[in-house]
Amino acid sequence: MANYKPTQRDLNPFPYSDSNKRYYTWDYYLRQKYGGKVFKVGLDAGFSCPNIDGARGRGGCTYCSYAFRRQSPEDLLIQYRQVQETLHHKWPEAVRYIPYFQANTNTYAPLPELKAKYEAVLSEPGVVGLAIATRADALPEDVCDYLEELSHRTDLMVELGLQTIHDPTARHINRGHTTAEFYEGYEKLRKRGIPVCIHLIDGLPGEDRGMMLETARAVAALQPFSVKIHLLHVLKGTPIAEEYRLGGFQTMEMEEYCETVADQLELLPPETVIQRVTGDGLKEELIAPLWSLKKFVVMNTIDKELYRRNSWQGKKWEG
């Protein structure tokens, strides 16, 4: 045994990993399913939002920059091909793609318009799936029925922004719907077998670590296909930027954030894919926290924290 070299499994007890990651990464999921890397192509399809146009509220969530700097997108396929070309320059081996309807609420339009835009990009070479970001209060039955049909012929995922289960926080950030309404929308998708990615935001005004962990436990109980954990970014031109300037709240420090994410990962089911453990804030728009620009430092710090604890995703899951 003197010459024995420890394997990755010896070093990392988490089963859904072939690296040092102690959580179920999106990259690992895609490589296991497709045998190679798959690239998301972010799109602005020109949709509005019921929390912008007055159907549920005005101005959007207080942290949302889309409500204030949105421009009408060029032709969707031109936009898709431009982003795809950018990916090719960075990763010449790119051959598989998931178009990501990202900006605003991407089920908030008449069904014929949704079909036309979704089907247009699905017909592009190399497309293996579709990701649709939306709100739980923008899921009418006819749209959900179509999404169910779509899920039978492509790798569909619907992304729902929850952010927090705490309704006072949701009102504070002008979220525009309640936690109960989120559960109602989630159930519409779940009963149709449509994979859902739930978005969480850590560091919202007035929330402490205990509240963030309560949100993680509630999400864990839903056993979603996927989760994205974001850090609150204070961006120029948003209402939350003015609140921050006036001293209404403080952003999280990096150590506090990384420890909180490690706590949340421990609570989530091990089979839930973790698409993000931090967010991307544009340097020219970001006011705070500036440490979040060092994305790989943040990710490495989370890895080190899990290793320090000898812990991993799902270690404290109560399922």
Side-chain angles (χ1 to χ4, degrees), residues 1 3-40 91 96 98 128-129 131 155 157 159-160 162 165 186 190 195-203 209-210 212-231 252 254-280 291-292 294-319:
M1 297 295 290
N3 295 323
Y4 175 77
K5 293 183 178 180
T7 65
Q8 186 61 51
R9 182 60 55 232
D10 294 326
L11 298 172
N12 182 2
F14 184 68
Y16 304 111
S17 177
D18 56 7
S19 67
N20 69 318
K21 299 294 184 184
R22 293 183 172 220
Y23 55 93
Y24 195 170
T25 69
W26 177 237
D27 179 68
Y28 179 81
Y29 166 79
L30 292 173
R31 285 190 290 104
Q32 294 299 305
K33 183 163 187 175
Y34 292 102
K37 198 166 180 63
V38 182
F39 298 85
K40 261 188 171 181
W91 293 284
R96 301 181 189 88
I98 296 178
V128 296
D155 197 356
M157 179 177 58
E159 301 197 12
L160 291 182
L162 170 60
I165 63 164
Y186 179 84
R190 187 206 62 78
V196 176
C197 175
I198 299 176
H199 290 219
L200 309 181
I201 296 180
D202 288 340
R209 188 184 299 189
M212 298 175 215
L213 297 188
E214 286 174 10
T215 293
R217 287 189 185 92
V219 170
L222 298 175
Q223 300 184 48
F225 163 72
S226 179
V227 166
K228 284 184 178 179
I229 302 173
H230 295 266
L231 168 69
M252 298 180 78
M254 187 177 76
E255 181 179 356
E256 177 190 12
Y257 177 74
C258 293
E259 290 175 355
T260 300
V261 172
D263 291 341
Q264 292 172 318
L265 290 172
E266 289 176 333
L267 297 171
L268 291 168
E271 296 82 9
T272 291
V273 178
I274 308 299
Q275 288 203 46
R276 280 186 179 275
V277 292
T278 187
D280 292 310
W291 57 259
S292 66
K294 300 177 181 179
K295 179 179 177 181
F296 290 103
V297 173
V298 177
M299 295 171 67
N300 288 337
T301 302
I302 293 168
D303 293 340
K304 290 175 183 177
E305 177 63 17
L306 289 171
Y307 180 81
R308 184 192 68 79
R309 299 179 185 190
N310 189 28
S311 193
W312 50 83
Q313 179 184 339
K315 189 174 184 181
K316 297 181 180 179
W317 181 51
E318 299 175 350

By side-chain contact (heavy atoms from CB on, under 4.5 Å), A131 pairs with (sequence neighbours left out) K40, I98, Y100, M157, E159
Salt bridge or not between K21 and D27? Use side-chain N to carboxylate O under 4.0 Å. no
Report the relative orientation of the aromatic rings in Y29 and W26; use parallel for angles under 30°, tilted for 30 to 60°, perpendicular for over 60°. parallel
When you compare the side chain of T25 with that of S17, does any pair of heavy atoms fall below 4.5 Å? no
Decide yes or no for E259 and R309: does some side-chain heavy atom of the first lie under 4.5 Å from some side-chain heavy atom of the second? yes
Say you draw a straight line from CD1 of I165 to OG1 of T215; how long is it, rounded to the nearest 0.5 Å? 4.5 Å
State, yes or no, whether a side-chain contact exists between W291 and L231 at a heavy-atom distance under 4.5 Å. yes
Please tell me whether Y34 and D155 have a donor and an acceptor in their side chains that are separated by less than 3.5 angstrom. yes
At what distance, to the nearest 0.5 angstrom, does OG1 of T272 lie from CD1 of I198? 8.5 Å
When you compare the side chain of L162 with that of L200, does any pair of heavy atoms fall below 4.5 Å? yes
E305/R308 ion pair, N-O < 4.0 Å: yes
If you define the side chain from C-beta out and look only at heavy atoms, does anything of L306 sit under 4.5 Å from Y23? yes
Could you pull out all residues at least two apart from K295 that satisfy side-chain contact (heavy atoms from CB on, under 4.5 Å)? R276, T278, D280, M299
Is the shortest distance from a Lys or Arg side-chain nitrogen in D303 or R22 to a carboxylate oxygen in the other one below 4.0 Å? no
Go through it in stages, so that I can follow the logic: the residues are C197 and L160, the test is side chain to side chain contact (heavy atoms under 4.5 Å, CB included), and I'd like the CA-CA distance, side-chain angles, deciding distance and then a yes or no. CA-CA 6 Å; C197 175; L160 291 182; over 6 Å; no
Using the rule given for side chain to side chain contact (heavy atoms under 4.5 Å, CB included), can you reason through Q313 versus F14, listing the C-alpha separation, both sets of side-chain angles and the distance that settles it, and then say yes or no? CA-CA 7 Å; Q313 179 184 339; F14 184 68; 3.8 Å; yes
Below 4.5 Å, heavy atoms only, C-beta onward: do Q32 and D18 meet side chain to side chain? yes
I need the E256 CD to D202 CG distance, nearest 0.5 Å. 9.5 Å
So W312 and P13, do their side chains get closer than 4.5 Å, heavy atoms only? yes
